[in-house]
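A short worksheet on the structure shown next.
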Amino acid sequence: MTIRLYDTSARQIRDFTPLQPGCVSIYLCGATVQAAPHIGHIRSGLNFDIMRRWFEYRGLAVTFIRNVTDIDDKIITKSAEQGRPWWSIGYDNERAFTDGYRALGCLPPTYEPRATGHITEMVEMMRGLIERGHAYEADGNVYFAVTSFPEYLRLSNQELDNLLQPSAEGETGKRDPRDFAMWKAAKPGEPSWETPWGRGRPGWHLECSAMAHKYLGSAFDIHGGGLDLIFPHHENEIAQAKAYGDEFARYWVHNAWVTMSGEKMSKSLGNSVLVSEMVKRWRPIVLRYYLGTPHYRSMIEYSEEALREAESAFARIEGFVQRVTEMAGGVVEPAAEVPPAFAEAMDDDLGVPQALAVVHTTVRQGNSALAADDKEEAVARLAEVRAMLGVLGLDPLDPHWAGESDRGEDLHGVVDTLVRMVLDQREAARARKDWPTADAIRDQLGQSGLVVEDSPQGPRWSLGPR
């Protein structure tokens with residue numbers, strides 16, 4: 001077994017060899033909590049949740065760190081605009097992210113550190129970089145001197161002579177305009193912490209370098225995040241960490257965006273689709289299917305039509321699971337191993353689309369077995385399907401989804417009773433060979449959004465695609 005991953009720093013797919021046999025360490029850039037999450041934010045969490053699940057299926061123990069950036073320029077700007085404390089805005093939005101991750105079935109991280117809880121580690125890293133000649137203080141700011149680090153820009157493959165470094169207001173005293181801020185001098189009314197260079201607050205890039213070092217040590221396996229983080233964030237993380245003396249991440253894995261009209265989904269463009277609103281309109285498991293099943297390096301162009309297609313595709317899988325479970329008279333446990341073709345696809349840079357094709361093929365085989373009344377074959381196929389869906393976090397029989405309430409689970413029993421009464425009338429019409437009445441009842445239910453399916457165990461109903 002060899003898992004292979006596309007490493008951004010190498011610009012190729014590489015065999016994955018963990019630093020410590022049997023263990024995997026992952027650092028994922030998590031939420032910047034100036035606003036509630038849209039589905040583009042949650043996609044990153046989903047992609048790395050699937051990665052984690054596959055490593056664990058392969059028998060590896062995973063340490064998964066996903067940070068929270070709870071102080072930065074954007075949060076301070078929101079605080080001024082809304083007249084609210086910066087920490088209040090951060091806390092509310094952090095909870096919104098947690099709710100979004102949980103709703104879409106992401107496993108909780110091993111640790112989820114907040115930036116403001118690690119000022120001591122940041123000061124220690126800055127002190128070390130200043131002593132080594134890689135950083136300097138000016139006007140209460142602390143800057144990283146990019147020309148002191150020859151490897152700078154290797155991840156993003158840029159030329160230093162052409163570099164335009166993003167710079168914020170108040171970043172004065174730079175020796176070189178390409179240098180970036182690790183620490184920002186305090187401004188009136190802004191949060192600040194005491195340091196040997198005066199009061200101030202951390203720069204975004206320093207936060208992650210310090211937290212990765214704190215929780216994963218000087219070297220770890222995988223650093224993840226969205227494509228938009230390659231520069232400046234990840235490039236600057238690498239410079240700080242390696243100049244400090246860390247080996248840092250050995251593999252860099254980046255997920256693509258969710259786009260609308262060809263543009264990256266973002267708060268600044270005003271085209272975001274909030275998770276909190278989406279889960280009111282779509283079942284969370286369908287949203288997970290939609291966001292998690294394209295390849296993590298492929299862009300997703302958001303559309304209602306694409307979501308409806310995802311809903312229909314998942315309904316075919318879910319219907320098979322339900323039918324065989326009913327026929328078997330109880331829960332069919334997942335198989336101990338996934339089919340070889342599924343494993344081969346997942347080992348090859350997390351090829352979820354190819355792996356999902358194996359799921360659908362197995363579902364078709366199971367449906368053929370059902371049609372042939374071959375119970376043993378149908379149950380075997382269901383066991384395989386559940387094993388594969390478990391890896392993808394999409395098993396509808398998993399306890400997480402069993403409690404799914406976004407479609408009114410509290411009303412399910414009431415609706416079921418009412419539908420059963422109508423279906424009894426249809427069965428009575430069929431028994432007296434009154435086919436027009438039976439068909440009319442079925443058509444009326446269909447117009448109400450219900451799908452009726454006749455099975456050997458009797459008629460069953462489900463919610464149809466919207």
Mind listing the side-chain donor-acceptor pairs of residues 95-104 below 3.5 Å, one per line with the distance, residues two or more places apart or on another chain?
from: Thr98; atom 1: OG1; to: Glu94; atom 2: O; distance (Å): 3.1
from: Asp99; atom 1: OD1; to: Arg102; atom 2: NH1; distance (Å): 3.2

Next item on the list: Could you check Asp92 against Arg84 for salt bridge (charged side-chain N to carboxylate O under 4.0 Å, His left out), going step by step and ending with a plain yes or no?
Entry: CA-CA 11 Å; Asp92 284 351; Arg84 294 174 57 196; 2.7 Å; yes

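- A donor-acceptor distance shorter than 3.5 angstrom exists from the side chain of Ser148 to the backbone of Ala145, with no hydrogens or angles considered.
- Of the N and O atoms on the side chains of Glu263 and Thr259, not one donor lies less than 3.5 Å from an acceptor on the other residue.
- With Arg11 contributing its side chain and Leu155 its backbone, the two residues share a donor-acceptor pair below 3.5 Å.
- Using modelled atom types, one side-chain atom of Asp176 and one backbone atom of Arg178 make a donor-acceptor pair closer than 3.5 Å.
- The two atoms that bring Pro396 and Val321 nearest to each other are CG-CG1, 4.1 Å, heavy atoms only.
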Would you tabulate the side-chain donor-acceptor contacts of residues 332-347 under 3.5 Å, counting partners in other chains and residues two or more places apart, or write 'none'?
from: Asp347; atom 1: OD1; to: Trp54; atom 2: NE1; distance (Å): 2.9
from: Asp347; atom 1: OD1; to: Arg58; atom 2: NE; distance (Å): 3.3
from: Asp347; atom 1: OD2; to: Arg58; atom 2: NH2; distance (Å): 2.6

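- Note that the CG atom of Leu287 and the CG atom of Leu307 stand 6.0 Å from one another [nearest 0.5 Å].
- Using a 4.5 Å heavy-atom threshold, the side chains of Glu169 and Lys187 count as touching.
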Atom pairs and distances, donor-acceptor, side-chain atoms in residues 19-29, under 3.5 Å, two or more places apart:
from: Ser25; atom 1: OG; to: Asp221; atom 2: N; distance (Å): 2.9
from: Ser25; atom 1: OG; to: Asp221; atom 2: OD2; distance (Å): 3.2

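- No side-chain donor-acceptor contact under 3.5 Å links Glu235 and His205.
- Looking at heavy atoms from C-beta onward, Ile238 lies in side-chain contact with Trp252 at the 4.5 angstrom threshold.
- Heavy-atom neighbours of Arg114 CZ from other residues, nucleotides or ligands within 6.0 Å: at or below the threshold of 12.
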Next item on the list: Walk me through it: do Glu311 and Arg308 pass the test salt bridge (charged side-chain N to carboxylate O under 4.0 Å, His left out)?
Entry: CA-CA 5 Å; Glu311 183 179 48; Arg308 284 191 290 271; over 6 Å; no

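- Interatomic distance, CD of Glu56 versus CG of Leu107, reported as 6.5 Å (0.5 Å rounding).
- Residues Asp349 and His295 come closest through the heavy atom pair O-NE2, 2.9 Å.
- Across Gly262 and Glu301, no two heavy atoms sit closer than the pair N-OE1, 3.3 Å.
- Residue-environment remark: CD (Gln12) exceeds the threshold of 12 foreign heavy atoms within 6.0 Å.
- The environment of Glu159 atom CD is sparse: at most 12 non-hydrogen atoms of other residues, nucleotides or ligands sit within 6.0 angstrom.
- When side chains are defined from C-beta on, Phe48 does not count as touching Cys106, because their heavy atoms never get closer than 4.5 Å.
- With Pro294 as the partner, the side chain to side chain contact (heavy atoms under 4.5 Å, CB included) test is satisfied by one option alone out of Leu356, Val352, Ile300: Ile300.
- We find the CE-OG1 distance between Met388 and Thr362 to be 3.5 Å, quoted to the nearest 0.5 Å.
- The aromatic rings of His223 and Phe220 lie tilted to each other, with the angle between the two planes from 30° to 60°.
- Salt-bridge check for Lys184 with Asp73: passed, with a basic side-chain N closer than 4.0 Å to an acidic carboxylate O.
- Residues Met51 and Ile222 have side chains in contact (heavy-atom distance under 4.5 Å, counting atoms from C-beta outward).
- For the residue pair Tyr143 and His134, no side-chain donor N or O sits within less than 3.5 Å of a side-chain acceptor on the partner.
- Across Thr69 and Ile75, no two heavy atoms sit closer than the pair O-CD1, 3.6 Å.
- Using modelled atom types, no side-chain atom of Arg52 and backbone atom of Thr63 make a donor-acceptor pair closer than 3.5 Å.
- Expressed to the nearest 0.5 Å, how far CD1 of Ile3 lies from CG of Asp15 amounts to 10.5 Å.
- In plain terms, the two heavy atoms of Gly140 and Trp183 that are nearest each other are O-CD1, 3.9 Å.
- Tyr244 has its ring centre less than 6.0 Å from the ring centre of His213.
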Next item on the list: List the steps, then state whether side-chain contact (heavy atoms from CB on, under 4.5 Å) holds for Glu384 with Val358.
Entry: CA-CA 10 Å; Glu384 291 178 344; Val358 179; over 6 Å; no

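- Residues Lys242 and Glu151 have side chains in contact (heavy-atom distance under 4.5 Å, counting atoms from C-beta outward).
- Looking only at side-chain heavy atoms (C-beta outward), Lys280 and Trp282 stay at 4.5 Å or farther from each other.
- Between Leu392 and Arg53, the closest side-chain pair of non-hydrogen atoms is not below 4.5 Å.
- Heavy-atom neighbours of Glu304 CD from other residues, nucleotides or ligands within 6.0 Å: above the threshold of 12.
- Residue Lys74 qualifies as open at atom NZ: its count of foreign heavy atoms under 6.0 Å is 12 or below.
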Checklist line | Audit row: Met182, Met122, side-chain contact (heavy atoms from CB on, under 4.5 Å) steps and yes/no | finding: CA-CA 9 Å; Met182 294 191 295; Met122 296 178 206; over 6 Å; no

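- To the nearest 0.5 Å, atoms NE2 (His254) and CG (Leu227) are separated by 7.0 Å.
- Using modelled atom types and a 3.5 Å distance limit, the side chains of Asn67 and Tyr215 yield no donor-acceptor pair.
- The residue from Arg66, Arg43, Arg288 that alone fulfils the salt bridge (Lys or Arg N to Asp or Glu O under 4.0 Å) condition with Asp49 is Arg288.
- Taking the six-membered ring where tryptophan is involved, the planes of Trp193 and Trp86 are perpendicular, since the angle between them exceeds 60° and thus also 30°.
- Contact of the Val273 side chain with the Met265 side chain is registered, since non-hydrogen atoms from C-beta on lie closer than 4.5 Å.
- In this structure, Asn47 CG and Arg297 CZ are separated by 11.5 Å, a value rounded to the nearest 0.5 Å.
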Next item on the list: Given side-chain contact (heavy atoms from CB on, under 4.5 Å), test Tyr136 with Asp179 step by step and report yes or no.
Entry: CA-CA 10 Å; Tyr136 58 94; Asp179 295 343; 2.6 Å; yes

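- Pairing each heavy atom of Glu207 with each of Pro202, the nearest pair is OE2-CG, 3.6 Å.
- Judged purely by distance below 3.5 Å, without hydrogens or angles, the side chains of Gln158 and Ser156 pair a donor atom with an acceptor atom.
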Next item on the list: Give the C-alpha distance, both sets of side-chain angles, the deciding distance and a yes or no for side-chain contact (heavy atoms from CB on, under 4.5 Å) between Asp7 and Phe16.
Entry: CA-CA 10 Å; Asp7 180 5; Phe16 176 73; over 6 Å; no

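- Defined by atom type and a distance below 3.5 Å, a donor-acceptor pair is missing between the side-chain atoms of Asp70 and Tyr91.
- Here the side chain of Ser192 pairs no donor or acceptor atom with the backbone of Gly200 at under 3.5 angstrom.
- Ring pair Phe144/Phe180 is parallel by interplanar angle, where below 30° counts as parallel and above 60° as perpendicular.
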